[in-house]
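Structure record follows, encoded as structure tokens.
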There are 2 protein chains.
Amino acid sequence: MSSEVRGARRGVKGHPKSGPSIGDVARLAGVSSQTVSRVSTGSEPVKAETRERVLDAMRQLGYAPNLAARALRQGNFRSIGLIAHQVIRTGESKTIEAVIEAARLEGYSVSLVDVETPSSSDVSEAVQHLSHQAIDGLIIIRAETATPAALALPPTMPVAVSDSRFIGHHPAVGADQIGGSRAAVQHLLDLGHATVHHIAGPADSGPADLRATAWRQTLTSAGREVQEPFGGDWSAEAGYTIGSEIAQRDDVTAVFAANDEMAAGLIHALHEAGRRVPDDVSVVGFDDIDLAAHLWPPLTTVRQEFHQIGHDLVEVIMRQLGGREQLTGYHGTVPAPLIVRQSTAAPRKRRRTRR
Amino acid sequence: MSSEVRGARRGVKGHPKSGPSIGDVARLAGVSSQTVSRVSTGSEPVKAETRERVLDAMRQLGYAPNLAARALRQGNFRSIGLIAHQVIRTGESKTIEAVIEAARLEGYSVSLVDVETPSSSDVSEAVQHLSHQAIDGLIIIRAETATPAALALPPTMPVAVSDSRFIGHHPAVGADQIGGSRAAVQHLLDLGHATVHHIAGPADSGPADLRATAWRQTLTSAGREVQEPFGGDWSAEAGYTIGSEIAQRDDVTAVFAANDEMAAGLIHALHEAGRRVPDDVSVVGFDDIDLAAHLWPPLTTVRQEFHQIGHDLVEVIMRQLGGREQLTGYHGTVPAPLIVRQSTAAPRKRRRTRR
DNA sequence: ACGCAATCTGTTCACGTAAACATTTTTGGC
DNA sequence: GCCAAAAATGTTTACGTGAACAGATTGCGT
């Protein structure tokens with residue numbers, strides 16, 4: 001395989017890469033470049049015969065429109081920026097999938113920036129990078145370290161957010177954190193538990209805060225004792241550490257964990273200490289990750305409809321792009337139903353009959 | 001808040017959106033636009049004093065370079081396309097995170113196209129959409145339904161692939177599927193199991209095929225019986241269904257599942273049927289997802305270094321973009337170590353002492 | 001067959017940027 | 001202090017596209 005001749009790009013003076021242009025197609029088809037453009041965009045009618053000739057030429061040359069030129073001319077990129085805190089988390093990846101799907105239906109692609117490292121400068125750097133650039137709108141799924149003020153977005157940039165801390169500052173879509181949390185806690189109370197303990201998410205997380213607040217309120221309005229919540233960070237590891245502590249205590253019979261991973265870690269620790277779930281301790285999670293149904297015991301949890309949320313986020317962007325709707329105060333809420341499985345039961349040794 | 005004046009875009013004739021241009025900055029700073037360009041790109045030296053003046057003007061106007069124009073002029077987008085089969089799978093999302101991180105270090109952004117729906121027309125549509133367009137390279141993490149031929153990529157497009165079916169067609173980076181699988185099976189044999197059963201991934205998946213082959217070879221070269229593998233689809237649900245069947249059989253003492261999710265489903269079914277893990281049945285997974293250590297019992301599994309793989313994929317793209325290296329036959333392999341936890345033990349009731 | 005309208009197609013131009021080339025200013029060796 | 005070399009800056013131009021406008025062709029009623 002001689003590798004000598006290979007790599008001869010285009011003409012001598014031509015820029016690297018770029019394939020055949022609209023002009024090449026026009027020449028081959030014997031029409032003006034504007035007509036090629038019309039065929040390409042479908043913006044104006046072209047006589048059927050002419051269109052065929054142009055399409056033939058396109059195929060023959062392997063023409064594809066140059067998106068950079070198109071974006072420059074039209075002032076938009078048909079692309080949406082996406083900021084997520086951690087792609088790896090079930091909630092975020094499911095939402096991302098849905099966003100991509102919905103965006104594609106609208107003819108938009110998605111540019112993804114993960115903001116893993118939790119320094120706030122990273123976040124604003126990410127936004128800087130995205131905001132002025134090759135995107136027409138910005139979806140923020142979660143940005144743990146950023147505040148609305150820190151974003152410094154250009155005022156014309158459409159934004160949609162699923163992180164509750166941004167509600168009021170930007171249009172938002174999110175699961176009904178409060179309703180879901182309330183249902184989880186109430187479920188445990190209804191089973192006969194005297195109170196419910198809570199493993200919270202990180203202090204700076206909006207959703208974590210909402211879940212903790214709803215947990216507290218539900219207990220309070222039922223007249224139950226409110227114990228200090230345990231502080232977690234969403235990870236199974238944290239759940240495990242906290243669980244090792246809980247396993248030593250006799251007074252904990254029911255735990256509402258702020259997400260499923262922490263619930264899994266908790267159950268792991270309880271198993272290891274010889275405490276039974278749900279006989280000794282009932283556990284409820286949040287998210288309904290795919291594995292929740294296959295943990296042992298299968299996990300009772302609050303389901304977030306991430307697919308719906310992702311689609312709604314894109315819709316919010318599209319509404320801003322289309323009409324110049326003012327949506328700043330918008331807040332869409334998606335129901336978060338409680339899914340009862342086998343990690344919850346009446347307290348103590350009385351095995352509860354499944355209903 | 002009157003909403004009447006809002007939305008007055010730029011000048012009467014100006015295109016929508018676009019902010020201040022290089023020319024506006026030049027005028028304000030009293031230099032030529034080319035000098036502003038030099039400051040902006042850092043391509044050529046500019047006298048310190050002049051640079052300051054230009055930077056001031058940029059700040060004052062809130063200037064940000066127009067990426068479309070830049071891409072048009074330079075012929076590249078500083079963006080990498082990414083095709084994944086399912087963002088939700090641990091392996092893929094971890095790889096995606098790493099790709100994004102590595103790309104950002106190179107000053108590239110990542111455009112993500114998920115190809116969830118398993119019709120092959122979707123895949124080629126996705127590639128069509130991406131390949132000719134706003135990207136300079138393409139990373140394919142997994143494309144279950146596409147074949148190398150079906151991709152129809154422009155020959156100049158740099159590609160990097162982590163799906164083994166593409167090896168030989170495109171430069172590839174991947175975990176050492178064979179070594180990892182071999183270690184898993186050998187581990188079980190070393191514990192004293194007569195043979196090892198296998199829950200395979202989907203038939204059309206390259207990695208699934210490799211793992212099954214390595215499993216078979218390891219058994220054969222040890223002179224052990226090879227049972228027909230169970231056919232799964234990566235999902236915990238499939239693992240559960242197969243597990244319900246396995247739980248009925250007395251002859252299965254050790255199972256190597258092609259991924260952790262299926263292993264989780266399997267364990268779930270075994271628990272439910274009253275079979276003990278690892279006392280009655282040993283289980284090994286593949287991937288080492290975050291939850292693997294917190295399943296009950298904690299799962300022995302083969303770790304894939306997704307982070308490394310993601311970085312390597314980007315490096316492969318960069319090498320093609322930089323020098324015009326010929327990498328078609330390249331195949332980088334990342335070690336896949338066995339992580340022994342507590343889901344494996346010697347067969348039958350003899351409880352194994354932890355080492 | 002004529003002329004007007006409607007439809008289709010061609011020409012010109014600007015989007016914002018950076019490469020290529022041209023010019024000016026500074027630097028340094030003697 | 002003078003001239004050549006180097007450094008800094010300016011001018012011109014093209015990247016590929018599609019809007020605006022202009023011109024050509026067709027259809028249709030009479």
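Below, read A as the first sequence line, B as the second, and so on, with proteins coming before strands; counting in each chain starts at 1.
Between the side chain of B:S33 and the main chain of B:A26, no donor-acceptor pair closer than 3.5 Å is present. Looking at A:E52, its side chain never comes within 3.5 Å of a backbone N or O of A:A48 through a donor-acceptor pair. No donor-acceptor distance shorter than 3.5 angstrom exists from the side chain of A:N76 to the backbone of A:D136, with no hydrogens or angles considered.
Mapping B:S43 and B:A68 onto DNA chain C by nearest heavy atom places B:A68 at the nucleotide closer to the 5' end. Sequence order on DNA chain D of the closest nucleotides to B:R51 and A:T41 puts B:R51 first from the 5' end.
Side-chain contact check for B:E97 and B:H307: no donor-acceptor pair (N or O, by modelled atom type) lies under 3.5 Å. The closest side-chain donor-acceptor pair between A:R70 and A:T41, if any, does not fall under 3.5 angstrom.
When the nucleotides D:dT17, D:dG10, C:dT17 are ranked by their closest atom to the side chain of B:N66, C:dT17 comes out on top. Considering only the side chain of B:T50, D:dT9 comes nearest among D:dG16, D:dT9, C:dT17. Nearest nucleotide to the B:K47 side chain, out of D:dG10, C:dA18, D:dA8: D:dA8. For B:Q34, taking side-chain heavy atoms from C-beta onward, the closest of the listed nucleotides C:dG10, D:dT11, D:dT17 is D:dT11.
Note: CZ (B:R78) to P (C:dT17) measures 16 Å, nearest angstrom. The nearest whole Å value for the distance from the CD1 atom in B:I22 to the P atom in D:dT11 is 14 Å. As rounded to whole Å, 11 Å separates atom P of D:dT26 from atom CD of A:E49. The distance between atom CZ of A:R73 and atom C1' of D:dG18, rounded to the nearest whole Å, is 5 Å. Whole-Å rounding puts the A:R70 CZ to C:dT17 C1' distance at 20 Å. The interatomic distance linking A:N76 (CG) with C:dG16 (C1') rounds to 15 Å, in whole Å. Rounding to whole angstrom units, CZ of residue B:R27 and P of D:dG10 are separated by 14 Å. Between the P atom of D:dC15 and the CG atom of A:L67 lies a distance of 18 Å, rounded to the nearest Å.
Salt-bridge annotation for B:R53 and B:D56: absent, with no side-chain N of the basic residue lying under 4.0 Å from a carboxylate O of the acidic one.
Among the atoms of the strands shown, only primed sugar atoms or phosphate atoms (P, OP1, OP2) are found under 4.0 Å from some heavy atom of B:T35. Within 4.0 Å (heavy atoms only), A:S33 reaches no atom of the nucleic acid at all.
Here A:S37 reaches the OP1 or OP2 of D:dG18: one of its side-chain N or O atoms lies under 4.0 Å away. Taking side-chain N and O atoms only, A:S32 has a distance below 4.0 Å to OP1 or OP2 of C:dG10.
Residue-to-nucleotide contacts include no donor-acceptor pair under 3.5 Å from the side chain of A:Q74 to the base of D:dA19. Between the side chain of B:E44 and the base of D:dA7 there is no donor-acceptor pair of N/O atoms closer than 3.5 Å. Between the base of D:dG10 and the side chain of B:R38 there is a donor-acceptor pair shorter than 3.5 Å.
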